Number of protein chains: 2
Amino acid sequence: MKITDETTRVWTTLVSTSRELVEQAEADLKGAGLPPLSWYDALLEIEDAGEDGIRPFILRERLLLPQYGTSRLLDRIARAGLIERRICDEDGRGQVIFITPEGRGTRQKMWPIYAKMLEGQIQDKLTAKEATTLADLLDKIRPAV
Amino acid sequence: MKITDETTRVWTTLVSTSRELVEQAEADLKGAGLPPLSWYDALLEIEDAGEDGIRPFILRERLLLPQYGTSRLLDRIARAGLIERRICDEDGRGQVIFITPEGRGTRQKMWPIYAKMLEGQIQDKLTAKEATTLADLLDKIRPAV
DNA sequence: TAGGTATACATGCAGTCGCATCTATAACGA
DNA sequence: TCGTTATAGATGCGACTGCATGTATACCTA
């Protein structure tokens, strides 16, 4: 079980690059008085669900979060008034989540901050070809979902 | 400020691949009744420091952790008896950290678990050339440290 | 249709994190 | 040498996470 230097370098650069970029995005958002990244992902999915809303367990699958994580994330976002939880007519155990106008507005305010970070930290630093190669290689080592 | 699809794909694969691999490693370690990854990194640095020990603020720089994070991480590791904190003769504000035999032993037990994950999730999935390319590309987007 | 099992979601608890602040010592400038 | 500023490290507090478990409804099988 010999681990090569290249493997170690992939591991360390992967973890630290990811961590630093995420921290950068979180700091930018916080600096603009906006919610964290996790809210963005959730709001985007909920907004995309449109008129029908979305069930928490579906959201959970999309966001790859643990069940309790989803439950509490929705709690917080709902407390901020950005989503609305309605009981689910078809399933008495469940609920359906809808985005509110405030939720839509907040997500829209988040995007420029988010995009600016992606542009400055990723897009400007890679050619289109490099970006494709990078994403392809990351996909190769990504555990099956 | 137009974000291309390649950029988005880099971002999402980067974040999710990193997260999933870290979770995998944490789960493997926990499954073996061993401490989390962060302890490994700290123990390794402290062990490498050898007879002289290491100052927490140096460790902080190496591990890229916040100051309070370092302080509390060392607290936990010390409570488990894996390191020893001694007062620093040269600097009355500070301390010097040394690894204990138990600490050495724990780190050694952690390595095979860690290595097995790196082997299975990274090394087996990439050629040496691909690994180098991947690490190089990650370095290109890594924020300056 | 009754009883068991599976699914949807919530939550108590303990551990960890981020933030701000605190204490103590060191270093430096007038 | 005294007062100011910088540095090393700890910590109270509130927010978040993981884990285990709880509650309620749905489904399924005999």
Side-chain angles (χ1 to χ4, degrees), chain A residues 19-20 22-42 45-46 49 53-80 82-98, chain B residues 19-20 22-31 33-42 45-46 49 53-80 83-98:
Chain A
R19 213 183 46 158
E20 285 159 26
V22 168
E23 279 167 7
Q24 182 67 56
E26 298 286 14
D28 290 351
L29 287 168
K30 181 169 294 195
L34 290 166
L37 267 185
S38 56
W39 290 37
Y40 185 88
D41 296 336
E45 286 291 344
I46 298 165
I54 189 171
R55 297 288 301 273
F57 76 98
I58 301 290
L59 196 60
R60 191 204 91 81
E61 292 166 7
R62 303 254 175 91
L63 301 179
L64 299 172
L65 288 179
Q67 182 270 318
Y68 56 81
T70 309
S71 176
R72 293 202 259 229
L73 176 59
L74 291 175
D75 263 356
R76 280 174 254 139
I77 303 181
R79 259 202 309 275
L82 308 187
I83 58 172
E84 193 189 344
R85 311 172 103 146
R86 296 196 205 132
I87 56 166
C88 180
D89 295 328
E90 292 87 42
D91 189 337
R93 297 166 300 183
Q95 52 192 234
V96 191
I97 309 294
F98 297 88
Chain B
R19 214 182 47 159
E20 284 158 25
V22 167
E23 279 168 7
Q24 182 66 55
E26 298 286 14
D28 291 350
L29 288 168
K30 181 169 292 194
L34 290 166
L37 268 186
S38 55
W39 290 36
Y40 185 89
D41 296 336
E45 287 291 345
I46 298 165
I54 190 170
R55 298 287 301 273
F57 76 97
I58 301 290
L59 196 60
R60 189 203 92 81
E61 292 166 8
R62 303 256 174 88
L63 301 178
L64 299 174
L65 287 180
Q67 181 270 320
Y68 56 81
T70 309
S71 176
R72 293 202 259 229
L73 176 59
L74 292 174
D75 263 357
R76 280 173 253 140
I77 303 181
R79 260 201 309 274
I83 58 173
E84 193 189 343
R85 312 172 103 145
R86 295 195 204 133
I87 56 166
C88 180
D89 295 327
E90 293 88 40
D91 189 336
R93 297 166 299 183
Q95 54 192 234
V96 191
I97 308 294
F98 297 87

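What you see is a predicted model; the values in this text were computed from it and never measured. Per chain, numbering begins at 1; letters A, B, ... match sequence-line order.
Atom-to-atom, CZ of B:Arg93 to C1' of C:dA26 comes out at 4 Å; the value is rounded to the nearest Å. Rounded to an integer number of Å, the gap from A:Glu90 CD to D:dT25 P is 16 Å. For the pair B:Ile58 CD1 and D:dA8 P, the computed distance is 8 Å after rounding to whole Å. Rounded to a whole Å, the CD1 atom of B:Ile87 is 13 Å from the P atom of D:dG9. Distance B:Leu65 CG to C:dG18 C1': 13 Å, rounded to the nearest Å. The CZ atom of A:Arg79 sits 8 Å away from the P atom of D:dC16 (whole-angstrom rounding). Per the geometry, OH belonging to A:Tyr68 stands 5 Å off P belonging to D:dC19, to the nearest Å. Per the geometry, CG belonging to A:Leu59 stands 14 Å off C1' belonging to C:dA8, to the nearest Å.
Here the side chains of B:Asp75 and B:Arg85 are in contact, with some heavy-atom distance below 4.5 Å.
Between B:Thr70 and A:Trp39, the one whose closest nucleotide on DNA chain D sits nearer the 5' end is B:Thr70. Residue whose closest nucleotide on DNA chain D sits further toward the 5' end, between B:Phe57 and A:Pro36: B:Phe57. Of the two residues contacting DNA chain C, namely A:Pro56 and A:Glu23, the nearest-nucleotide position lying further toward the 5' end is that of A:Pro56.
Picking from C:dA24, D:dG18, C:dG18 the nucleotide with the shortest atom distance to the side chain of A:Pro66 gives D:dG18.
Distances shown here put a side-chain N or O of B:Arg85 below 4.0 Å from the OP1 or OP2 atom of D:dA10. Checking the phosphate oxygens (OP1, OP2) of D:dA10, a side-chain nitrogen or oxygen of B:Gln95 falls inside 4.0 Å. A close approach under 4.0 Å does not occur between any side-chain nitrogen or oxygen of A:Ser71 and OP1 or OP2 of C:dC9. Applying the 4.0 Å criterion to OP1 and OP2 of D:dC16, one finds that A:Arg76 has a side-chain N or O inside that range. Dashed line: the shortest gap from a side-chain N or O of A:Lys30 to OP1 or OP2 of C:dC19 is under 4.0 Å.
Between the side chain of B:Gln67 and the backbone N or O of B:Arg60 there is no donor-acceptor pair closer than 3.5 Å. In this structure, the side chain of B:Arg86 does not engage the main chain of B:Ile97 through any donor-acceptor pair within 3.5 Å. Remark: the backbone N or O of B:Leu64 is paired with a side-chain donor or acceptor of A:Arg19 at under 3.5 angstrom.
For B:Gln67 against D:dA8, a side-chain-to-base donor-acceptor contact under 3.5 Å is absent. Checked by distance alone, B:Arg72 brings a side-chain donor or acceptor within 3.5 Å of a matching partner on the base of C:dG18.
Counting any heavy atom pair closer than 4.0 Å across all strands shown, A:Arg60 reaches no nucleic acid atom. Within the nucleic acid shown, A:Asp75 has no heavy atom closer than 4.0 Å to any nucleic acid atom.
Between A:Ile54 and A:Glu45, the shortest heavy-atom distance links the atoms CD1-O, 4.5 Å. The heavy-atom pair separating A:Phe98 from A:Ile46 by the smallest distance is C-CG2, 3.8 Å.
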